[in-house]
Amino acid sequence: MPTRPCWAEIDLAAFAHNLRLLQRTADASTLAATVKADAYGHSIALCAPAAVEAGASWLAVTSTDEALTAARACAEVVPRILVLSGPFPGDGEAVAAYGFTCSVWQREHLQELHGGALQCGRSELPVHLEIDTGMSRQGVAPEDQIEFLETLCTFPTLRLDGVMTHLYAADESDHAATQRQLKRLADSLCAVRERGFAPAWLSVGNSAALLDRDLRSQLAAMASRHGLRLLLRPGIALYGVPPEYDPQPPESAAASSAGLLPVLRWKTRVTSLRRIAPGEVVGYNGSFQATQPMRLALLAVGYADGLSRRLSHRGHALVAGLRAPYAGRISMDQAVLDVTGVPEERLRTGDEVVLLGRQGDSVVTAEDHARWAETIPWEIFTAIAARVPRIAAG
Ligand SMILES: *Cc1c(COP(=O)(O)O)cnc(C)c1O
């Protein structure tokens, strides 16, 4: 364990609570716990087995590399693992050896997976056909779908186990874009069945879709109309952050989201304390100048740890249960807090500082960081650098 005091505590009980809450919300549908990008920065090695223990039968990751990490972490009960970005060249053998389920939408994917299956002597490998219903990112275009399905039939090892798509605006409460996507998806499902395929799964829906009752019901109805089981793929909500709906959360989402618990606490310590006189400056380019006698606390965290440089002159952290603003520019490996407002007797070198999370009655959320850094909570979590150890906490 590194001795530099900058770490993230991962509350696995909160993670399991969120997963169970989402499972209750999803009712009879199945969840694929999305643990891509190192479980949104929360450590796939910690979160994948915790998800399985809490009842997840599927995990979703971005790549075969991540799937391998997840499978190894879940040594005892390996769940089904969905590889969302499709197989990359060279992935076939590992996918076939472990029986991962890749989304596929182009011939290269089929060749790669079929080749892998032959190499491993696996006679059957499940795949999920991804339909591009409007995001224009990945997936087969609806008009090319029939031809692709015919190509799929020429690869005898590959079995169509599911149909998937990704909703790009499930957080837009008017659902206009989503309804256009679902119309295309429904047409695709008809085409799949007309060609005589009988997949088991309809894989669609992120956190925003899951938490919105109307959308969730619509997806469940579509699945059941086509004799499919609905597989929802929540990510951000598992980590305790409700999706931000535009312009407003539907009532059903607000109710379920209220029970989500934050999972990650990002901490450091005060490594040094000093006083500066009025007129002295702090940090690179002296962008902060003391207007009064001030007290400063040095922290062992910087932008190389993922603490956005945009927090300079905006954000705050928690120390002694109080808010202390960042003073001057965040450096690569260090940041300085203005602790003038924290009573001197309540602060010592070595004290714990909460960058993200709760301390006493105060809290700094991922949403706060996202606002300060002008981004989204997803990026805040995944930006926390690999050198910040993730530690399981109760
Ligand atoms: C990341 C991702 C999800 C999860 O999205 P959240 O908004 O974090 O719930 C679901 N499906 C796909 C295809 C994804 O890439």
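Read the numbers this way: they start at 1 and go in the same order the structure lists the ligands and their atoms.
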*May I ask you to decide if L84's main-chain N or O and Q138's side chain share a donor-acceptor pair within less than 3.5 Å?*
yes

*asked:* Among all the protein's non-hydrogen atoms, which is closest to atom 8 (O) of ligand 1, and how far away is it?
replied: Y40 OH, 2.6 Å

*Heavy-atom nearest neighbour in the protein, as seen from atom 5 (O) of ligand 1, with distance rounded to 0.1 Å*: N206 CB, 3.4 Å

*Could you tell me whether H166 approaches ligand 1 through its side chain, its backbone, both or neither, with non-hydrogen atoms closer than 4.0 Å?*
side chain

*Could you say whether the N/O atoms of G205 and ligand 1 ever approach to under 3.5 Å?*
no

*Between the side chains of D338 and T340, is a donor N or O closer than 3.5 angstrom to an acceptor N or O?*
yes

*Among all protein non-hydrogen atoms, which one is nearest to atom 2 (C) of ligand 1, and what is the separation to 0.1 Å?*
K36 NZ, 2.4 Å

*Which protein heavy atom lies closest to atom 10 (C) of ligand 1, and at what distance to 0.1 Å?*
R233 O, 3.3 Å

*Does a sphere of radius 6.0 Å around CZ in R323 hold more than 12 heavy atoms from other residues, nucleotides or ligands, not counting ones at 6.0 Å or beyond?*
no

*Among residues two or more places apart or on two chains, list those pairs meeting ring-ring contact (aromatic ring centres under 6.0 Å, His included) that have a residue in residues 262-321.*
H316-W372

_Suppose I only count heavy atoms of W378 and a 4.0 Å limit; which atoms of ligand 1 are within that range?_
6 (P), 7 (O), 8 (O)

*Given that the side chain starts at C-beta and the backbone is N, CA, C, O, which of these parts of S207 lies under 4.0 Å from ligand 1, counting heavy atoms, or is it both or neither?*
both

*Is it true that R314 and E374 make a salt bridge, defined as a side-chain N closer than 4.0 Å to a carboxylate O?*
yes

*Below 4.0 Å from any atom of ligand 1, is there a heavy atom belonging to P234?*
yes

*Considering the heavy atoms of I236, write down every atom of ligand 1 situated less than 4.0 Å from one of them.*
6 (P), 8 (O), 9 (O)

_Can you tell whether the side chains of E251 and R213 come within less than 4.0 Å, N to carboxylate O?_
no

*Distance from T382 atom OG1 to H42 atom NE2, nearest 0.5 Å?*
10.5 Å

